[in-house]
Peer 1: 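Take this structure, written in C-alpha cells, and hold onto it; I'll ask about it next.
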Amino acid sequence: MSTDTLQKSAPASSVTQAAASALIAAVHAAAARIGFTAAVAVTDQGGHLKAFDRAEDAPFLTAEVAVDKAWTAASFRIPTHTWNDLLATPQIAPLGGHPRVMAVGGGYPIIENGRYIGGLGISGGDYAQDQQAAEEALAALGFELPGH
C-alpha cells in the first residue's frame with residue numbers, strides 16, 4: 001500500500017462551546033418546567049468535558065452522575081437508559097463494573113446530521129425526568145434523538 005494514498009487522519013466534529021452552553025440553558029428550562037433542579041454535563045465526541053453547570057440546590061452527587069452519563073452516552077453512542085437491558089446480557093454485563101458506565105436515564109449522545117459530536121448528561125430528577133429534560137433540550141436545539 002502506498003503511503004501517498006493512505007488516509008492518515010479523519011476530521012473529528014465536536015459540539016461547539018456555544019451549543020454546549022445553549023444545551024445547558026435548555027436543560028435547566030426543561031427541568032424547571034418538569035419540577036426539579038439539575039446538574040448538566042456536555043462532553044465532546046471523545047467523552048471529555050466541554051461544559052458543566054449544577055443548579056444551586058441540586059445535590060452534590062448529581063455533578064458526578066451527570067458527567068458520567070454524558071461520558072457513557074458519548075463513549076458508546078447510545079442513550080444511557082438502554083444500558084439496563086444491555087447489562088442483562090452475560091457477554092456485556094462485565095462492563096457494568098466500569099466505574100464510569102452510568103446505566104440510568106438522562107444521558108444521550110449529541111447527534112448532528114448523523115454525526116456523533118458529543119454527549120449530554122443530566123442528573124437531579126428521577127431517571128424519567130432526567131431523560132425527558134435531555135430529550136426536550138436536544139429537540140429544542142435541533143439535535144437528532146437516537147431512534148427518532
Side-chain angles (χ1 to χ4, degrees), residues 8-89 91-148:
K8 297 176 188 76
S9 64
S13 299
S14 181
V15 62
T16 64
Q17 189 66 46
S21 295
L23 276 169
I24 288 172
V27 167
H28 283 309
R33 189 187 55 68
I34 295 166
F36 72 100
T37 58
V40 186
V42 178
T43 66
D44 65 14
Q45 76 283 4
H48 306 287
L49 191 61
K50 183 87 173 195
F52 174 83
D53 186 67
R54 180 172 64 96
E56 293 290 337
D57 54 348
F60 70 88
L61 183 59
T62 61
E64 184 177 338
V65 172
V67 171
D68 287 346
K69 286 181 182 182
W71 179 87
T72 301
S75 296
F76 296 97
R77 298 180 172 182
I78 57 174
T80 54
H81 66 273
T82 63
W83 276 94
N84 287 308
D85 289 337
L86 292 173
L87 291 175
T89 305
Q91 295 83 356
I92 299 173
L95 285 174
H98 190 287
R100 295 201 66 188
V101 171
M102 188 57 60
V104 179
Y108 276 86
I110 302 171
I111 308 167
E112 179 185 45
N113 298 322
R115 294 174 303 152
Y116 292 86
I117 62 170
L120 172 65
I122 300 164
S123 181
D126 63 31
Y127 73 92
Q129 291 171 321
D130 291 350
Q131 187 174 333
Q132 181 182 350
E135 290 176 358
E136 287 182 18
L138 289 165
L141 271 76
F143 288 111
E144 299 163 39
L145 290 172
H148 289 85

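These numbers were taken from a predicted model, which means no experiment stands behind them.
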Peer 1: Would you give the length of the straight line joining atom CD of Glu135 to atom OH of Tyr108, rounded to the nearest 0.5 angstrom?
Peer 2: 3.0 Å
Peer 1: Tell me the closest heavy-atom pair linking Phe36 and Ala38, and the distance in Å.
Peer 2: CE1-CB, 3.7 Å
Peer 1: Looking only at heavy atoms, what is the nearest atom pair of His81 and Gly105, with distance?
Peer 2: CB-CA, 3.7 Å
Peer 1: Of all heavy-atom pairs between Phe143 and Ile111, which one has the smallest distance, and what is that distance?
Peer 2: CD2-O, 3.5 Å
Peer 1: Hey, what do you get for CG (Leu138) to CD1 (Ile122), rounding to the nearest 0.5 Å?
Peer 2: 7.5 Å
Peer 1: Measure the spacing between CZ of Phe76 and CG of Leu95 and express it to the nearest 0.5 Å.
Peer 2: 5.5 Å
Peer 1: Which heavy atom of Ala73 sits nearest a heavy atom of Pro109, and at what distance?
Peer 2: CB-N, 3.5 Å
Peer 1: Can you check side chain to side chain contact (heavy atoms under 4.5 Å, CB included) on Val104 and Lys69, steps first, answer last?
Peer 2: CA-CA 8 Å; Val104 179; Lys69 286 181 182 182; 4.0 Å; yes
Peer 1: Hey, does the side chain of Glu144 reach the backbone of Asn113 with a donor-acceptor pair shorter than 3.5 angstrom?
Peer 2: yes
Peer 1: For Leu120, run the side-chain contact (heavy atoms from CB on, under 4.5 Å) check against Thr43, Leu141, Val40, Thr80 and tell me which one passes.
Peer 2: Val40
Peer 1: Is there a side chain to side chain contact (heavy atoms under 4.5 Å, CB included) between Glu56 and Thr37? Walk through the geometry before answering.
Peer 2: CA-CA 8 Å; Glu56 293 290 337; Thr37 58; over 6 Å; no
Peer 1: Name all pairs fulfilling the side-chain hydrogen bond (donor to acceptor under 3.5 Å, both in side chains) condition that reach into residues 115-127, sequence neighbours left out, sorted by first residue then second.
Peer 2: Ser13-Arg115, Glu112-Arg115
Peer 1: Testing the basics here: between Ala39 and Ala66, what is the closest heavy-atom pair and its distance to 0.1 Å?
Peer 2: O-CB, 3.5 Å
Peer 1: Side chains of Val65 and Asp130: closer than 4.5 Å at any heavy-atom pair?
Peer 2: no
Peer 1: Kindly compute the distance separating CG (Asp53) from CG (Leu23), expressed to the nearest 0.5 Å.
Peer 2: 12.5 Å
Peer 1: Which atom names give the shortest non-hydrogen contact between Ile110 and Val42, and what distance separates them?
Peer 2: CD1-CG1, 3.8 Å
Peer 1: Just verifying a value: how many Å separate Leu49 CG and Trp71 CH2, rounded to the nearest 0.5 Å?
Peer 2: 13.5 Å
Peer 1: Counting N and O atoms only, with roles assigned by atom type, does the side chain of Lys50 sit under 3.5 Å from a partner on the main chain of Val15, one being a donor and the other an acceptor?
Peer 2: yes
